[in-house]
S.K.: 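First the structure, which I've put down as structure tokens, then a few questions once you've had a look.
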Amino acid sequence: MFLKKNTIIHAICDGKIVYLDDIDDYAFSHYLIGDGIAIETDQREIYSPCDGIITTIAQSGHAFTMQLKNGIELLIHIGINHQHHSSEYFHYHIQVGEQVTSQTLILTLDKNYISLHNHEILIPIIVLNSQEHPIKTMTTSPKVTLGQKILTLK
């Protein structure tokens with residue numbers, strides 16, 4: 001009998017942990033999109049949270065999705081309740097269909113985007129199919145550094 005291996009999701013940047021319940025956005029705080037966790041950051045560079053394939057990049061650049069080998073689908077959404085979702089602020093270093101690892105630099109945020117939001121960008125990392133791949137463990141650290149384990153999925 002084979003045991004199903006857990007999947008580890010890493011911090012995509014340095015920042016403060018924010019639980020979905022505490023996000024001022026109905027869809028995220030009520031888990032309508034899926035389960036997950038968020039990082040509030042002032043960092044410009046955003047890395048992949050794990051190994052996978054980039055499946056979409058929003059036209060405005062404020063979000064991208066990934067699919068992992070085991071079928072887990074992730075949404076990384078940069079900024080909540082921001083009026084400044086314009087592709088000029090999001091400089092992607094990858095393309096749709098590209099294989100990435102947790103060491104891959106995905107995008108760099110424009111310094112003006114960070115300034116427009118008082119150096120506090122909230123980035124939810126959501127498991128879109130969390131019913132099939134529930135969260136087993138979640139970090140209890142108030143702050144995380146790039147690459148630190150933040151979620152373990154079944």
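All of these numbers come straight from a predicted model, not from anything done at the bench.
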S.K.: Does CD belonging to Gln99 count more than 12 external heavy atoms closer than 6.0 Å?
M.R.: yes
S.K.: Once you round to the nearest 0.5 Å, how far does CG of Asp51 lie from NZ of Lys69?
M.R.: 7.5 Å
S.K.: Decide yes or no on side chain to side chain contact (heavy atoms under 4.5 Å, CB included) for Tyr19 and Met138, but give the supporting numbers first.
M.R.: CA-CA 10 Å; Tyr19 298 104; Met138 185 177 292; 3.5 Å; yes
S.K.: Side chains of Thr56 and Phe64: closer than 4.5 Å at any heavy-atom pair?
M.R.: no
S.K.: Measure centre to centre between the rings of His77 and Phe28, then say whether the value is under 6.0 Å.
M.R.: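 Yes, the ring centres sit under 6.0 Å apart.
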S.K.: Starting at NE2 of His62, measure out to CG of Leu109 and round the result to the nearest 0.5 Å.
M.R.: 12.5 Å
S.K.: Let me check something: do Tyr92 and Ile53 share a hydrophobic cluster, defined by ILVMFWY side-chain heavy atoms less than 4.5 Å apart, either directly or through other members?
M.R.: no
S.K.: Which heavy-atom pair separates Val144 from Ala11 by the least distance, and what is that distance?
M.R.: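 Nearest pair, atom of Val144 first, then Ala11: CG2-CB, 3.8 Å.
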S.K.: Sub-3.5 Å donor-acceptor pair from the side chain of Ser130 to the main-chain atoms of Ile126, do we have one?
M.R.: no
S.K.: With rounding to the nearest 0.5 Å, note down the distance linking CG in Asp35 to CG in Leu128.
M.R.: 11.0 Å
S.K.: Are the side chain of Thr104 and the backbone of Ile106 linked by a donor-acceptor contact shorter than 3.5 Å?
M.R.: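 The answer is no, because no donor-acceptor pair under 3.5 Å joins these two groups.
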S.K.: Let me check something: do Ile33 and Val18 share a hydrophobic cluster, defined by ILVMFWY side-chain heavy atoms less than 4.5 Å apart, either directly or through other members?
M.R.: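 They do share one cluster, since a chain of ILVMFWY contacts under 4.5 Å joins Ile33 to Val18.
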S.K.: Taking atom NZ of Lys143 and atom OG1 of Thr41, what is their separation to the nearest 0.5 Å?
M.R.: 10.5 Å
S.K.: Compare all side-chain heavy atoms of Ile72 with those of Gln67 and state whether any distance is below 4.5 angstrom.
M.R.: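 No - every pair of side-chain heavy atoms lies 4.5 Å or more apart.
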S.K.: Could you measure the distance from the CD1 atom of Ile125 to the CG atom of Leu20? Nearest 0.5 Å is fine.
M.R.: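 The distance works out to 10.0 Å.
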S.K.: Picking from Asp22, Ile78, Ile23, Asp24, what satisfies side-chain contact (heavy atoms from CB on, under 4.5 Å) with Leu122?
M.R.: Ile23
S.K.: Test of understanding: clusters of I, L, V, M, F, W, Y form through side-chain heavy atoms closer than 4.5 Å, transitively. Do Leu68 and Ile54 belong to the same one?
M.R.: yes
S.K.: Membership question, hydrophobic clusters at under 4.5 Å side-chain separation (ILVMFWY): are Tyr47 and Ile9 in the same one?
M.R.: no
S.K.: Do Leu153 and Asn6 come close enough that some side-chain heavy atom pair is under 4.5 Å?
M.R.: no
S.K.: Who are the ring-ring contact (aromatic ring centres under 6.0 Å, His included) partners of His30, not counting sequence neighbours?
M.R.: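 By the ring-ring contact (aromatic ring centres under 6.0 Å, His included) rule, His30 matches Tyr26.
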S.K.: Using a 4.5 Å cut-off on heavy atoms from C-beta on, say whether the side chain of Ile39 contacts that of Cys13.
M.R.: yes
S.K.: Is it the case that the side chains of His133 and Thr7 hold a donor-acceptor pair, with the cut-off being a distance below 3.5 Å and no angle test?
M.R.: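 Per modelled atom types, Thr7 and His133 side chains form no pair under 3.5 Å.
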S.K.: Donor-acceptor pairs under 3.5 angstrom involving side-chain atoms of residues 145-152: please list them, not counting sequence neighbours.
M.R.:
residue, atom, partner, partner atom, Å
Gln148, OE1, Thr145, N, 3.1
Thr152, OG1, Thr137, OG1, 2.8

S.K.: Answer whether the closest heavy-atom distance between the side chains of Ile114 and Ile121 falls below 4.5 Å.
M.R.: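 Yes. Closest side-chain heavy atoms under 4.5 Å.
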S.K.: Answer whether the closest heavy-atom distance between the side chains of Ser48 and Met66 falls below 4.5 Å.
M.R.: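 Contact flag for Ser48/Met66 side chains = yes.
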S.K.: Are Leu116 and Tyr89 close enough, and set up right, to give a side chain to side chain contact (heavy atoms under 4.5 Å, CB included), and what steps lead you there?
M.R.: CA-CA 11 Å; Leu116 283 168; Tyr89 296 121; 3.4 Å; yes
S.K.: Keeping the roles fixed (side chain from His91, backbone from Leu107), state whether a donor-acceptor pair exists under 3.5 Å.
M.R.: no
S.K.: State the OG1-CD1 distance between Thr65 and Ile76, to the nearest 0.5 angstrom.
M.R.: 8.0 Å
S.K.: Are Ile94 and Leu105 connected into the same hydrophobic cluster when the rule is that any two of I, L, V, M, F, W, Y join if their side-chain heavy atoms are below 4.5 Å apart?
M.R.: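 No, Leu105 does not connect to Ile94 through the hydrophobic network.
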S.K.: Would you say Asn129's side chain and Glu73's backbone share a donor-acceptor pair under 3.5 angstrom?
M.R.: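 Pair found, side chain donor or acceptor close to backbone of Glu73.
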S.K.: Taking C-beta and beyond as the side chain, do Leu74 and Cys50 meet within less than 4.5 Å on heavy atoms?
M.R.: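 Counting from C-beta outward, Leu74 and Cys50 do come under 4.5 Å.
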